[in-house]
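Quick notes on the structure that follows.
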There are 2 protein chains.
Amino acid sequence: MNEAPTHDGELNARDQLIDAASQIMRDGDTVDLSLSELSLRSGLNSALVKYYFGNKQGLMLALLERDMRNIVNSLDALVAKDFPPDEKLRVHIRAVIGTYFRFPYLNRLLMRMVRDASPEVSRKIADDYLLPISHAYSKLIDEGVKKGLFRPIDPQLFYFTVTGAADRFFSARLVLHHCYGQSEVTEQMRDDYADHTLDIIMPGLLKRPD
Amino acid sequence: MNEAPTHDGELNARDQLIDAASQIMRDGDTVDLSLSELSLRSGLNSALVKYYFGNKQGLMLALLERDMRNIVNSLDALVAKDFPPDEKLRVHIRAVIGTYFRFPYLNRLLMRMVRDASPEVSRKIADDYLLPISHAYSKLIDEGVKKGLFRPIDPQLFYFTVTGAADRFFSARLVLHHCYGQSEVTEQMRDDYADHTLDIIMPGLLKRPD
(Lines give C-alpha, C1' and ligand atoms only; values in the text may rest on other atoms or scores of the structure.)
Protein backbone atom coordinates (compact mmCIF):
# COMPACT_ATOMS: atom_id res chain seq x y z
CA MET A 1 0.00 0.00 0.00
CA ASN A 2 1.58 3.23 -1.13
CA GLU A 3 -1.20 5.49 0.07
CA ALA A 4 -3.57 5.44 2.98
CA PRO A 5 -6.92 4.28 1.61
CA THR A 6 -9.70 6.86 1.35
CA HIS A 7 -12.87 6.29 3.33
CA ASP A 8 -14.63 5.03 0.21
CA GLY A 9 -11.63 2.94 -0.80
CA GLU A 10 -11.58 1.53 2.71
CA LEU A 11 -15.18 0.38 2.52
CA ASN A 12 -14.62 -1.10 -0.88
CA ALA A 13 -11.48 -3.05 -0.06
CA ARG A 14 -13.06 -4.44 3.10
CA ASP A 15 -16.17 -5.53 1.23
CA GLN A 16 -14.08 -6.88 -1.63
CA LEU A 17 -12.19 -9.14 0.75
CA ILE A 18 -15.45 -10.41 2.28
CA ASP A 19 -16.83 -10.99 -1.22
CA ALA A 20 -13.71 -12.83 -2.32
CA ALA A 21 -13.87 -15.07 0.76
CA SER A 22 -17.52 -15.81 -0.02
CA GLN A 23 -16.72 -16.71 -3.64
CA ILE A 24 -13.82 -18.97 -2.66
CA MET A 25 -16.04 -20.87 -0.23
CA ARG A 26 -18.83 -21.14 -2.76
CA ASP A 27 -16.73 -22.14 -5.75
CA GLY A 28 -14.45 -24.48 -3.81
CA ASP A 29 -17.19 -26.14 -1.72
CA THR A 30 -15.08 -25.42 1.32
CA VAL A 31 -14.86 -23.14 4.31
CA ASP A 32 -11.06 -23.23 4.25
CA LEU A 33 -9.45 -19.98 3.16
CA SER A 34 -5.89 -19.47 2.00
CA LEU A 35 -4.51 -15.94 2.07
CA SER A 36 -2.82 -16.39 -1.31
CA GLU A 37 -6.08 -17.40 -2.99
CA LEU A 38 -7.84 -14.52 -1.27
CA SER A 39 -5.23 -12.11 -2.61
CA LEU A 40 -5.50 -13.59 -6.10
CA ARG A 41 -9.27 -13.53 -6.11
CA SER A 42 -9.70 -10.02 -4.68
CA GLY A 43 -6.73 -8.45 -6.44
CA LEU A 44 -5.75 -7.02 -3.06
CA ASN A 45 -2.69 -7.47 -0.88
CA SER A 46 -3.41 -10.09 1.77
CA ALA A 47 -1.86 -7.77 4.37
CA LEU A 48 -5.20 -5.94 4.20
CA VAL A 49 -6.79 -8.92 5.97
CA LYS A 50 -4.73 -8.05 9.01
CA TYR A 51 -5.51 -4.34 8.57
CA TYR A 52 -9.28 -4.75 8.39
CA PHE A 53 -10.00 -7.96 10.29
CA GLY A 54 -7.00 -8.65 12.55
CA ASN A 55 -6.63 -12.15 11.10
CA LYS A 56 -8.28 -14.74 8.86
CA GLN A 57 -10.76 -15.69 11.57
CA GLY A 58 -11.79 -12.04 11.82
CA LEU A 59 -12.53 -12.05 8.10
CA MET A 60 -14.56 -15.25 8.42
CA LEU A 61 -16.55 -13.71 11.28
CA ALA A 62 -17.21 -10.62 9.13
CA LEU A 63 -18.48 -12.85 6.33
CA LEU A 64 -20.68 -14.74 8.79
CA GLU A 65 -22.00 -11.40 10.07
CA ARG A 66 -22.83 -10.23 6.54
CA ASP A 67 -24.78 -13.41 5.67
CA MET A 68 -26.39 -14.20 9.04
CA ARG A 69 -27.32 -10.63 9.98
CA ASN A 70 -29.45 -10.48 6.89
CA ILE A 71 -31.33 -13.65 7.90
CA VAL A 72 -31.90 -12.43 11.46
CA ASN A 73 -33.09 -8.97 10.38
CA SER A 74 -35.41 -10.26 7.65
CA LEU A 75 -36.90 -12.83 10.01
CA ASP A 76 -37.54 -10.23 12.72
CA ALA A 77 -39.15 -7.87 10.21
CA LEU A 78 -41.29 -10.70 8.84
CA VAL A 79 -42.51 -11.86 12.25
CA ALA A 80 -43.51 -8.28 13.13
CA LYS A 81 -45.65 -7.89 9.99
CA ASP A 82 -49.41 -8.11 9.96
CA PHE A 83 -50.28 -11.08 7.78
CA PRO A 84 -51.15 -14.71 8.54
CA PRO A 85 -48.40 -16.75 10.28
CA ASP A 86 -48.58 -19.61 7.75
CA GLU A 87 -47.91 -17.11 4.97
CA LYS A 88 -45.01 -15.64 6.97
CA LEU A 89 -43.55 -19.09 7.34
CA ARG A 90 -43.81 -19.79 3.61
CA VAL A 91 -42.00 -16.52 2.87
CA HIS A 92 -39.35 -17.34 5.47
CA ILE A 93 -38.68 -20.88 4.24
CA ARG A 94 -38.31 -19.65 0.65
CA ALA A 95 -35.94 -16.94 1.87
CA VAL A 96 -33.77 -19.40 3.81
CA ILE A 97 -33.57 -21.73 0.81
CA GLY A 98 -32.65 -18.74 -1.37
CA THR A 99 -29.93 -17.69 1.07
CA TYR A 100 -28.37 -21.17 1.20
CA PHE A 101 -28.58 -21.40 -2.58
CA ARG A 102 -26.47 -18.21 -2.79
CA PHE A 103 -24.22 -19.10 0.12
CA PRO A 104 -24.14 -22.91 0.28
CA TYR A 105 -21.24 -22.78 2.76
CA LEU A 106 -23.26 -20.85 5.33
CA ASN A 107 -24.10 -23.58 7.84
CA ARG A 108 -20.58 -25.01 7.57
CA LEU A 109 -19.05 -21.58 8.16
CA LEU A 110 -21.31 -21.03 11.16
CA MET A 111 -20.35 -24.41 12.64
CA ARG A 112 -16.64 -23.92 11.89
CA MET A 113 -16.71 -20.62 13.78
CA VAL A 114 -18.61 -22.17 16.68
CA ARG A 115 -16.08 -25.00 16.85
CA ASP A 116 -12.83 -23.10 16.39
CA ALA A 117 -13.45 -19.69 17.92
CA SER A 118 -12.77 -18.89 21.57
CA PRO A 119 -15.59 -19.66 24.04
CA GLU A 120 -16.43 -15.93 24.16
CA VAL A 121 -16.79 -15.70 20.38
CA SER A 122 -18.86 -18.94 20.22
CA ARG A 123 -21.12 -17.50 22.87
CA LYS A 124 -21.41 -14.22 20.91
CA ILE A 125 -22.35 -16.17 17.75
CA ALA A 126 -25.10 -17.85 19.77
CA ASP A 127 -26.28 -14.52 21.16
CA ASP A 128 -26.12 -12.65 17.85
CA TYR A 129 -27.66 -15.22 15.52
CA LEU A 130 -28.87 -18.44 17.09
CA LEU A 131 -30.87 -17.04 20.01
CA PRO A 132 -32.61 -14.28 17.99
CA ILE A 133 -33.60 -16.85 15.35
CA SER A 134 -34.79 -19.21 18.07
CA HIS A 135 -36.90 -16.45 19.65
CA ALA A 136 -38.39 -15.50 16.29
CA TYR A 137 -39.36 -19.15 15.64
CA SER A 138 -41.00 -19.38 19.06
CA LYS A 139 -42.96 -16.21 18.41
CA LEU A 140 -44.06 -17.27 14.92
CA ILE A 141 -45.11 -20.80 15.94
CA ASP A 142 -46.87 -19.41 19.00
CA GLU A 143 -48.79 -16.91 16.86
CA GLY A 144 -49.89 -19.72 14.51
CA VAL A 145 -50.98 -21.94 17.40
CA LYS A 146 -52.94 -19.12 19.05
CA LYS A 147 -54.75 -18.40 15.79
CA GLY A 148 -55.68 -22.07 15.50
CA LEU A 149 -53.60 -22.53 12.35
CA PHE A 150 -50.62 -24.55 13.59
CA ARG A 151 -50.30 -27.70 15.63
CA PRO A 152 -48.25 -27.01 18.76
CA ILE A 153 -44.72 -28.07 17.82
CA ASP A 154 -41.29 -27.55 19.32
CA PRO A 155 -39.91 -24.39 17.63
CA GLN A 156 -36.30 -25.43 18.25
CA LEU A 157 -36.78 -28.79 16.51
CA PHE A 158 -38.66 -27.04 13.76
CA TYR A 159 -35.69 -24.72 13.25
CA PHE A 160 -33.58 -27.87 12.73
CA THR A 161 -36.06 -29.05 10.12
CA VAL A 162 -35.95 -25.79 8.17
CA THR A 163 -32.17 -25.37 8.31
CA GLY A 164 -31.73 -29.02 7.40
CA ALA A 165 -33.92 -28.60 4.36
CA ALA A 166 -32.12 -25.42 3.26
CA ASP A 167 -28.61 -26.73 3.90
CA ARG A 168 -28.66 -29.14 0.96
CA PHE A 169 -27.06 -27.06 -1.76
CA PHE A 170 -23.54 -27.62 -0.46
CA SER A 171 -23.96 -31.38 -0.85
CA ALA A 172 -26.04 -31.09 -4.02
CA ARG A 173 -23.42 -29.00 -5.83
CA LEU A 174 -20.62 -31.35 -4.83
CA VAL A 175 -22.48 -34.46 -5.94
CA LEU A 176 -23.65 -32.95 -9.23
CA HIS A 177 -20.21 -31.57 -9.99
CA HIS A 178 -17.98 -34.45 -8.99
CA CYS A 179 -20.21 -37.45 -9.54
CA TYR A 180 -22.33 -36.39 -12.51
CA GLY A 181 -20.19 -33.75 -14.25
CA GLN A 182 -22.95 -31.12 -14.03
CA SER A 183 -21.59 -27.68 -13.42
CA GLU A 184 -24.26 -25.87 -11.49
CA VAL A 185 -27.38 -26.11 -9.37
CA THR A 186 -29.78 -23.88 -11.33
CA GLU A 187 -32.33 -21.35 -10.11
CA GLN A 188 -35.01 -23.66 -11.49
CA MET A 189 -33.72 -26.44 -9.21
CA ARG A 190 -33.76 -24.00 -6.29
CA ASP A 191 -37.39 -23.06 -6.99
CA ASP A 192 -38.44 -26.69 -7.49
CA TYR A 193 -36.78 -27.61 -4.23
CA ALA A 194 -38.45 -24.68 -2.39
CA ASP A 195 -41.87 -25.77 -3.75
CA HIS A 196 -41.17 -29.37 -2.74
CA THR A 197 -40.02 -28.35 0.74
CA LEU A 198 -43.12 -26.24 1.35
CA ASP A 199 -45.35 -29.06 0.07
CA ILE A 200 -43.70 -31.47 2.48
CA ILE A 201 -43.34 -29.24 5.55
CA MET A 202 -46.51 -27.17 5.63
CA PRO A 203 -49.10 -29.97 5.90
CA GLY A 204 -47.21 -31.35 8.90
CA LEU A 205 -47.43 -28.02 10.64
CA LEU A 206 -50.94 -26.89 9.72
CA LYS A 207 -53.76 -28.02 11.92
CA ARG A 208 -56.06 -30.31 10.05
CA PRO A 209 -59.67 -29.20 9.80
CA ASP A 210 -61.82 -30.98 12.38
CA MET B 1 5.73 -54.32 14.17
CA ASN B 2 7.92 -57.16 15.33
CA GLU B 3 5.67 -59.94 14.10
CA ALA B 4 3.38 -60.37 11.18
CA PRO B 5 -0.17 -59.98 12.49
CA THR B 6 -2.33 -63.09 12.73
CA HIS B 7 -5.49 -63.25 10.68
CA ASP B 8 -7.61 -62.41 13.71
CA GLY B 9 -5.23 -59.68 14.80
CA GLU B 10 -5.34 -58.31 11.29
CA LEU B 11 -9.11 -57.98 11.31
CA ASN B 12 -9.00 -56.44 14.72
CA ALA B 13 -6.31 -53.87 14.01
CA ARG B 14 -8.02 -52.84 10.77
CA ASP B 15 -11.38 -52.45 12.50
CA GLN B 16 -9.75 -50.69 15.44
CA LEU B 17 -8.28 -48.08 13.12
CA ILE B 18 -11.66 -47.51 11.46
CA ASP B 19 -13.29 -47.26 14.89
CA ALA B 20 -10.67 -44.80 16.11
CA ALA B 21 -11.18 -42.64 13.00
CA SER B 22 -14.93 -42.68 13.62
CA GLN B 23 -14.49 -41.65 17.26
CA ILE B 24 -12.10 -38.83 16.40
CA MET B 25 -14.57 -37.43 13.88
CA ARG B 26 -17.44 -37.77 16.28
CA ASP B 27 -15.73 -36.34 19.35
CA GLY B 28 -13.93 -33.57 17.49
CA ASP B 29 -16.87 -32.54 15.28
CA THR B 30 -14.53 -32.78 12.34
CA VAL B 31 -13.69 -34.95 9.37
CA ASP B 32 -10.00 -34.06 9.58
CA LEU B 33 -7.79 -36.89 10.76
CA SER B 34 -4.25 -36.66 12.07
CA LEU B 35 -2.14 -39.81 12.07
CA SER B 36 -0.74 -39.00 15.50
CA GLU B 37 -4.21 -38.70 17.05
CA LEU B 38 -5.24 -41.90 15.28
CA SER B 39 -2.26 -43.70 16.74
CA LEU B 40 -2.96 -42.29 20.21
CA ARG B 41 -6.64 -43.19 20.08
CA SER B 42 -6.26 -46.70 18.65
CA GLY B 43 -3.08 -47.58 20.53
CA LEU B 44 -1.69 -48.77 17.19
CA ASN B 45 1.29 -47.70 15.15
CA SER B 46 0.14 -45.28 12.46
CA ALA B 47 2.25 -47.21 9.93
CA LEU B 48 -0.63 -49.71 9.99
CA VAL B 49 -2.73 -47.14 8.13
CA LYS B 50 -0.41 -47.52 5.17
CA TYR B 51 -0.40 -51.30 5.61
CA TYR B 52 -4.18 -51.74 5.64
CA PHE B 53 -5.48 -48.75 3.68
CA GLY B 54 -2.64 -47.41 1.54
CA ASN B 55 -3.05 -43.93 2.98
CA LYS B 56 -5.30 -41.76 5.13
CA GLN B 57 -7.81 -41.32 2.33
CA GLY B 58 -8.05 -45.10 2.05
CA LEU B 59 -8.93 -45.28 5.74
CA MET B 60 -11.56 -42.57 5.32
CA LEU B 61 -13.06 -44.50 2.40
CA ALA B 62 -13.14 -47.65 4.53
CA LEU B 63 -14.97 -45.76 7.26
CA LEU B 64 -17.42 -44.39 4.70
CA GLU B 65 -17.95 -47.91 3.39
CA ARG B 66 -18.66 -49.24 6.89
CA ASP B 67 -21.27 -46.55 7.65
CA MET B 68 -22.88 -46.13 4.22
CA ARG B 69 -23.00 -49.80 3.26
CA ASN B 70 -25.18 -50.41 6.25
CA ILE B 71 -27.63 -47.69 5.14
CA VAL B 72 -27.78 -49.00 1.57
CA ASN B 73 -28.27 -52.62 2.61
CA SER B 74 -30.92 -51.87 5.24
CA LEU B 75 -32.81 -49.66 2.81
CA ASP B 76 -32.77 -52.33 0.08
CA ALA B 77 -33.96 -54.98 2.53
CA LEU B 78 -36.71 -52.67 3.79
CA VAL B 79 -37.99 -51.78 0.33
CA ALA B 80 -38.18 -55.50 -0.57
CA LYS B 81 -40.32 -56.31 2.47
CA ASP B 82 -44.03 -56.88 2.34
CA PHE B 83 -45.60 -54.20 4.47
CA PRO B 84 -47.18 -50.82 3.66
CA PRO B 85 -44.87 -48.24 2.02
CA ASP B 86 -45.74 -45.50 4.51
CA GLU B 87 -44.69 -47.80 7.33
CA LYS B 88 -41.46 -48.62 5.46
CA LEU B 89 -40.73 -44.95 5.14
CA ARG B 90 -41.30 -44.32 8.83
CA VAL B 91 -38.88 -47.14 9.69
CA HIS B 92 -36.35 -45.78 7.20
CA ILE B 93 -36.50 -42.17 8.44
CA ARG B 94 -36.05 -43.32 12.05
CA ALA B 95 -33.09 -45.46 10.95
CA VAL B 96 -31.41 -42.59 9.09
CA ILE B 97 -31.84 -40.28 12.08
CA GLY B 98 -30.41 -43.03 14.31
CA THR B 99 -27.41 -43.45 12.00
CA TYR B 100 -26.62 -39.74 11.91
CA PHE B 101 -27.02 -39.57 15.68
CA ARG B 102 -24.31 -42.25 16.01
CA PHE B 103 -22.17 -40.89 13.18
CA PRO B 104 -22.88 -37.16 13.01
CA TYR B 105 -19.94 -36.64 10.66
CA LEU B 106 -21.38 -38.95 8.01
CA ASN B 107 -22.67 -36.47 5.46
CA ARG B 108 -19.55 -34.33 5.86
CA LEU B 109 -17.30 -37.35 5.36
CA LEU B 110 -19.26 -38.36 2.27
CA MET B 111 -18.97 -34.85 0.81
CA ARG B 112 -15.30 -34.55 1.73
CA MET B 113 -14.57 -37.77 -0.14
CA VAL B 114 -16.63 -36.65 -3.14
CA ARG B 115 -14.76 -33.34 -3.22
CA ASP B 116 -11.20 -34.50 -2.60
CA ALA B 117 -11.01 -37.96 -4.14
CA SER B 118 -10.02 -38.60 -7.76
CA PRO B 119 -12.84 -38.43 -10.35
CA GLU B 120 -12.87 -42.25 -10.47
CA VAL B 121 -13.33 -42.56 -6.72
CA SER B 122 -16.03 -39.84 -6.66
CA ARG B 123 -17.83 -41.72 -9.38
CA LYS B 124 -17.50 -44.97 -7.43
CA ILE B 125 -18.97 -43.30 -4.34
CA ALA B 126 -21.93 -42.23 -6.47
CA ASP B 127 -22.32 -45.74 -7.90
CA ASP B 128 -21.91 -47.54 -4.58
CA TYR B 129 -24.05 -45.37 -2.31
CA LEU B 130 -25.85 -42.47 -3.95
CA LEU B 131 -27.37 -44.24 -6.94
CA PRO B 132 -28.59 -47.31 -4.99
CA ILE B 133 -30.21 -45.02 -2.40
CA SER B 134 -31.75 -42.94 -5.19
CA HIS B 135 -33.17 -46.08 -6.85
CA ALA B 136 -34.57 -47.34 -3.55
CA TYR B 137 -36.31 -43.99 -2.95
CA SER B 138 -37.81 -44.08 -6.46
CA LYS B 139 -39.09 -47.58 -5.86
CA LEU B 140 -40.53 -46.81 -2.44
CA ILE B 141 -42.26 -43.57 -3.52
CA ASP B 142 -43.55 -45.29 -6.65
CA GLU B 143 -45.00 -48.13 -4.57
CA GLY B 144 -46.75 -45.63 -2.29
CA VAL B 145 -48.17 -43.67 -5.23
CA LYS B 146 -49.44 -46.83 -6.95
CA LYS B 147 -51.19 -47.94 -3.76
CA GLY B 148 -52.88 -44.54 -3.55
CA LEU B 149 -51.06 -43.68 -0.31
CA PHE B 150 -48.51 -41.06 -1.41
CA ARG B 151 -48.80 -37.93 -3.46
CA PRO B 152 -46.53 -38.16 -6.49
CA ILE B 153 -43.33 -36.37 -5.41
CA ASP B 154 -39.80 -36.17 -6.77
CA PRO B 155 -37.87 -38.95 -5.00
CA GLN B 156 -34.53 -37.17 -5.48
CA LEU B 157 -35.78 -34.01 -3.78
CA PHE B 158 -37.37 -36.13 -1.09
CA TYR B 159 -34.00 -37.78 -0.45
CA PHE B 160 -32.63 -34.25 0.14
CA THR B 161 -35.42 -33.63 2.63
CA VAL B 162 -34.70 -36.80 4.61
CA THR B 163 -30.91 -36.41 4.63
CA GLY B 164 -31.30 -32.75 5.52
CA ALA B 165 -33.47 -33.64 8.48
CA ALA B 166 -31.09 -36.36 9.67
CA ASP B 167 -27.91 -34.34 9.18
CA ARG B 168 -28.60 -32.01 12.10
CA PHE B 169 -26.71 -33.72 14.89
CA PHE B 170 -23.33 -32.41 13.74
CA SER B 171 -24.54 -28.84 14.10
CA ALA B 172 -26.64 -29.58 17.17
CA ARG B 173 -23.72 -31.08 19.10
CA LEU B 174 -21.44 -28.17 18.21
CA VAL B 175 -23.96 -25.55 19.22
CA LEU B 176 -24.91 -27.29 22.47
CA HIS B 177 -21.30 -27.91 23.40
CA HIS B 178 -19.68 -24.62 22.47
CA CYS B 179 -22.51 -22.17 22.93
CA TYR B 180 -24.48 -23.68 25.81
CA GLY B 181 -21.92 -25.81 27.62
CA GLN B 182 -24.04 -28.96 27.31
CA SER B 183 -21.97 -32.03 26.76
CA GLU B 184 -24.13 -34.34 24.73
CA VAL B 185 -27.13 -34.76 22.49
CA THR B 186 -29.09 -37.42 24.36
CA GLU B 187 -31.00 -40.44 23.05
CA GLN B 188 -34.15 -38.75 24.29
CA MET B 189 -33.40 -35.76 22.06
CA ARG B 190 -32.80 -38.15 19.15
CA ASP B 191 -36.17 -39.82 19.70
CA ASP B 192 -37.98 -36.50 20.14
CA TYR B 193 -36.41 -35.25 16.94
CA ALA B 194 -37.35 -38.43 15.05
CA ASP B 195 -40.96 -38.11 16.25
CA HIS B 196 -41.01 -34.44 15.26
CA THR B 197 -39.52 -35.18 11.83
CA LEU B 198 -42.08 -37.90 11.11
CA ASP B 199 -44.91 -35.62 12.28
CA ILE B 200 -43.70 -32.90 9.94
CA ILE B 201 -42.75 -34.98 6.89
CA MET B 202 -45.41 -37.69 6.67
CA PRO B 203 -48.53 -35.50 6.30
CA GLY B 204 -46.86 -33.73 3.37
CA LEU B 205 -46.28 -37.02 1.64
CA LEU B 206 -49.49 -38.86 2.42
CA LYS B 207 -52.38 -38.33 0.09
CA ARG B 208 -55.20 -36.62 1.87
CA PRO B 209 -58.51 -38.45 1.94
CA ASP B 210 -60.84 -37.14 -0.76
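Hydrogens, waters and symmetry mates play no part in the numbers below; they use all other heavy atoms, side chains included. Lettering of chains follows the sequences in order, A, B, ..., and the numbering in each one begins at 1.
B:Arg151 has its side chain within reach of A:Asp199: a pair of non-hydrogen atoms, C-beta onward, lies under 4.5 Å apart. Contact annotation: the side chain of B:Tyr51 never approaches that of B:Arg14 to less than 4.5 Å [non-hydrogen atoms, C-beta and beyond]. In this structure, the side chains of B:Ile200 and A:Ile153 come closer than 4.5 Å at one or more pairs of heavy atoms. Using a 4.5 Å cut-off on side-chain heavy atoms (C-beta onward), B:Phe160 and A:Thr197 make no contact. Residues B:His135 and B:Pro132 fail the side-chain proximity criterion, which asks for heavy atoms closer than 4.5 Å. Contact check for A:Asp86 versus A:Leu205: no side-chain heavy atoms found under the 4.5 Å cut-off.
Ring-plane geometry between B:Tyr137 and B:Phe158 is classed as tilted, the angle between the planes lying from 30 to 60 degrees on a 0 to 90 degree scale.
Contact count against chain B (heavy-atom pairs under 4.5 Å) is highest for A:Arg115 among A:Arg123, A:Arg115, A:His177. Looking only at heavy-atom pairs under 4.5 Å with chain B, the residue among A:Val162, A:Ile125, A:Val175 that has the most is A:Val175. Across B:Thr161, B:Leu198, B:Leu206, the residue that shares the most heavy-atom pairs under 4.5 angstrom with chain A is B:Thr161. Put simply, of B:Ala172, B:Cys179, B:Ala126, the one with the most heavy-atom pairs under 4.5 Å next to chain A is B:Cys179.
When atom types are taken as modelled, the side chain of B:Asn55 and the backbone of B:Gly58 share a donor-acceptor pair closer than 3.5 angstrom.
How far CE of B:Met111 is from CG of B:Asp116: 12.0 Å, rounded to the nearest 0.5 Å. With rounding to the nearest 0.5 angstrom, the NZ atom of B:Lys50 is 14.5 Å from the NZ atom of B:Lys56. Interatomic distance, B:Met113 CE to A:His178 NE2, rounded to the nearest 0.5 Å: 12.0 Å. With rounding to the nearest 0.5 Å, the separation of CZ in B:Arg190 from CZ in B:Phe169 is 8.0 Å.
Here the shortest heavy-atom pairing between A:Gln156 and A:Ser134 reads OE1-OG, 3.0 Å. Contact between B:Arg41 and B:Ala20 at its shortest, heavy atoms only, is CG-CB, 3.9 Å. The minimum heavy-atom distance linking A:Pro155 with A:Ser138 is given by the pair CG-OG, 3.6 Å.
Along residues 87-108 of chain B, the residues that come nearer than 4.5 angstrom to chain A, judged on non-hydrogen atoms, are B:Asn107, B:Arg108 in order of number. Interface with chain A: from residues 139-149 of chain B, no residue qualifies, criterion being any non-hydrogen pair under 4.5 Å. Heavy-atom neighbours of chain A within the stretch residues 60-85 of chain B, taken at a separation under 4.5 angstrom, are nonexistent. Of all residues in residues 23-37 of chain A, those placing a non-hydrogen atom less than 4.5 angstrom from a non-hydrogen atom of chain B are A:Gly28, A:Asp29, A:Thr30.
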Determine, stepwise, if the pair A:Leu38 / A:Leu59 fulfils side chain to side chain contact (heavy atoms under 4.5 Å, CB included).
-> CA-CA 11 Å; A:Leu38 200 62; A:Leu59 168 58; 3.2 Å; yes
Check step by step if side chain to side chain contact (heavy atoms under 4.5 Å, CB included) holds for B:Tyr193 and B:Val185.
-> CA-CA 11 Å; B:Tyr193 185 59; B:Val185 178; over 6 Å; no
Candidate pair A:Tyr159 and A:Leu130, rule side chain to side chain contact (heavy atoms under 4.5 Å, CB included), full reasoning | CA-CA 10 Å; A:Tyr159 169 67; A:Leu130 303 173; 4.0 Å; yes
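Interface remark: A:His196 contributes side-chain atoms only to the contact with chain B (heavy atom separation under 4.5 Å). Residue B:Leu174 touches chain A through both its backbone and its side chain, counting heavy-atom pairs closer than 4.5 Å. Proximity to chain A is absent for every atom of B:Ala166, based on heavy atoms less than 4.5 angstrom apart. If you measure heavy-atom distances from A:Leu157 to chain B, the contacts under 4.5 Å come from both the backbone and the side chain.
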